[in-house]
Undergrad: 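First the structure, which I've put down as structure tokens, then a few questions once you've had a look.
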Amino acid sequence: MTIKDYYNSLSFVALNELLKQHPQKKIEKLLSTFKCIKNPDLEEFLITPDKAIQSEKRAITRTYLYLELQDRDVIVVAYFTITLKALHTDGLSKSIIKKLDGIDKNREIIPCYLIAQLGKTTYCKYKIGQNILDDAIATIRESYQIIGGRFIILDSVNIQEVIEFYKNEPNSFVLLDQNSQKQNVKMYYPLT
Ligand SMILES: CC(C)(COP(=O)(O)OP(=O)(O)OC[C@H]1O[C@@H](n2cnc3c(N)ncnc32)[C@H](O)[C@@H]1OP(=O)(O)O)[C@@H](O)C(=O)NCCC(=O)NCCS
């Protein structure tokens, strides 16, 4: 099966909709099928009920799932979580602050969108990362069309392969943070 065929075979669903249609216990069971050995934080956010589910119920975040039917079981093979963020600009150069803000090089806090989580299960052998990121950006763009907002932020794990995934064409996220000692590095994606 090609990457495209595999991706098209998945069901793309909003956690919000699932919570309206099914008992929470059933959703918790579904979310617990997601495994990510490379990034335990990604797994933990989804499978811990007081994280993804509670954040969804309180409208703090919005999570979107990719579901695969395996035999008779449905499993979560990938997901992303998006939300709003107030970016604190301390430590950033004046030119970057002006670029992000659009007007003021001294702005201390700038509103933006955040890709809080994004990734696929360890057992997914298809390279669908690009499709997931495209969907996350497209979903944010729906909000951008209505209320504006200048850029997307994410905290990438500080691993070269992952940074390159975000940085390389066609994604073109830009590093905001060059500190190689940190566990995560901030990157942004201009929407304008
Ligand atoms: C990042 C990701 C979405 C990219 O998906 P993809 O385009 O389908 O590509 P791959 O899964 O093949 O990943 C590309 C490379 O990055 C490596 N990689 C990805 N995430 C990694 C991680 N967290 N730690 C170490 N290496 C990682 C892969 O092993 C692969 O390396 P290879 O080319 O040498 O085999 C996907 O790898 C993923 O979900 N990773 C785990 C979760 C994660 O870390 N998400 C990013 C949070 S900021």
Undergrad: Which residues pass the side chain to side chain contact (heavy atoms under 4.5 Å, CB included) test with E164, sequence neighbours left out?
TA: Q160, N168

Undergrad: For K186, enumerate each residue passing the salt bridge (Lys or Arg N to Asp or Glu O under 4.0 Å) test, keeping only those at least two apart in sequence or located in another chain.
TA: D155

Undergrad: More than 12 non-hydrogen atoms from neighbouring residues, nucleotides or ligands closer than 6.0 Å to NZ on K35, yes or no?
TA: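 Atom NZ in K35 is crowded, with more than 12 foreign heavy atoms closer than 6.0 Å.
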
Undergrad: So do I132 and K120 actually touch side chain to side chain, heavy atoms under 4.5 Å?
TA: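 Yes, their side chains come closer than 4.5 Å.
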
Undergrad: Does anything in residues 25-65 form a ring-ring contact (aromatic ring centres under 6.0 Å, His included)? List the pairs, not counting sequence neighbours.
TA: F12-Y64, F34-Y79, Y64-F80

Undergrad: Are Y66 and I115 linked, directly or through other ILVMFWY residues, by side chains that come within less than 4.5 angstrom of each other?
TA: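 Yes; tracing contacts between hydrophobic side chains, which count when under 4.5 Å, links both residues.
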
Undergrad: Under the ring pair (Phe, Tyr, Trp, His ring centres under 6.0 Å) rule, collect the residues that match up with Y188, sequence neighbours excluded.
TA: none

Undergrad: Got more than 12 heavy atoms from elsewhere within 6.0 Å of CD1, I147?
TA: yes

Undergrad: Who passes ring pair (Phe, Tyr, Trp, His ring centres under 6.0 Å) against Y189, sequence neighbours left out?
TA: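 Y189 satisfies ring pair (Phe, Tyr, Trp, His ring centres under 6.0 Å) with F173 only.
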
Undergrad: Over all heavy atoms of both residues, which pair between I47 and S32 is shortest? Give the atoms and the distance, please.
TA: CG2-CA, 3.8 Å

Undergrad: Under a 3.5 Å cutoff, is there a donor and acceptor pairing between the side chains of Q130 and N171?
TA: yes

Undergrad: If every non-hydrogen atom of N106 is compared with every non-hydrogen atom of D104, which pair is closest and at what distance?
TA: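 Answer, listing the atom of N106 first, then D104: N-OD1, 2.7 Å.
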
Undergrad: What pairs of residues pass the side chain to side chain donor-acceptor pair (under 3.5 Å) test when at least one of them lies in residues 80-90, not counting sequence neighbours?
TA: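 Matches after skipping sequence neighbours: T63-T81.
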
Undergrad: Is a donor on one side and an acceptor on the other found under 3.5 Å between the side chain of D101 and the backbone of I103?
TA: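 Checking the backbone N and O of I103 against the side chain of D101, a donor-acceptor pair under 3.5 Å is found.
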
Undergrad: Would you say the side-chain atoms of S172 pair up with the backbone N or O of E169, donor to acceptor, closer than 3.5 Å?
TA: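 Answer holds: no.
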
Undergrad: Enter the distance from S11:OG to L67:CG here, rounded to the nearest 0.5 Å.
TA: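 Rounded to the nearest 0.5 Å, the OG-CG separation comes to 5.5 Å.
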
Undergrad: Can you list the residues that meet the salt bridge (Lys or Arg N to Asp or Glu O under 4.0 Å) rule with K125, with sequence neighbours excluded?
TA: none

Undergrad: For residues 14-22, please give each side-chain donor-acceptor pair under 3.5 Å, one per line with the distance, not counting sequence neighbours.
TA:
unit_1	atom_1	unit_2	atom_2	d
E17	OE2	K20	NZ	3.1

Undergrad: Where is the tightest heavy-atom contact between I53 and E28, given as atom of each residue plus distance?
TA: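 Scanning both residues, the minimum pair turns out to be CD1-CG, 3.6 Å.
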
Undergrad: Mind jotting down which residue pairs meet the side chain to side chain donor-acceptor pair (under 3.5 Å) criterion with at least one end in residues 136-151? Sequence neighbours excluded, please.
TA: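 Applying side chain to side chain donor-acceptor pair (under 3.5 Å) to every pair that reaches into residues 136-151, excluding sequence neighbours, yields Y113-S143.
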
Undergrad: With sequence neighbours excluded, what pairs up with N131 under the side chain to side chain contact (heavy atoms under 4.5 Å, CB included) test?
TA: I3, Y7, I128

Undergrad: Among N158, V157, V162, L176, whose side chain to side chain contact (heavy atoms under 4.5 Å, CB included) with V185 holds?
TA: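 Result: among N158, V157, V162, L176, N158 is the only option passing the side chain to side chain contact (heavy atoms under 4.5 Å, CB included) with V185.
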
Undergrad: Compute whether any side-chain donor of one residue and acceptor of the other, for E43 and N39, lie under 3.5 angstrom apart.
TA: no

Undergrad: Checking R72 now: which residues fulfil side chain to side chain contact (heavy atoms under 4.5 Å, CB included) with it, not counting sequence neighbours?
TA: none

Undergrad: Which other residues belong to the hydrophobic cluster containing Y123, where Ile, Leu, Val, Met, Phe, Trp and Tyr are joined when side-chain heavy atoms lie under 4.5 Å apart, directly or via other members?
TA: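 Taking Ile, Leu, Val, Met, Phe, Trp and Tyr as members, Y123 shares its hydrophobic cluster with I37.
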
Undergrad: On a heavy-atom basis, which atom in S156 and which in I163 lie closest, and how many Å separate them?
TA: OG-CG1, 3.9 Å

Undergrad: Taking all atoms of both residues into account, what is the closest heavy-atom pair of V76 and T121, and its distance?
TA: O-CB, 4.2 Å

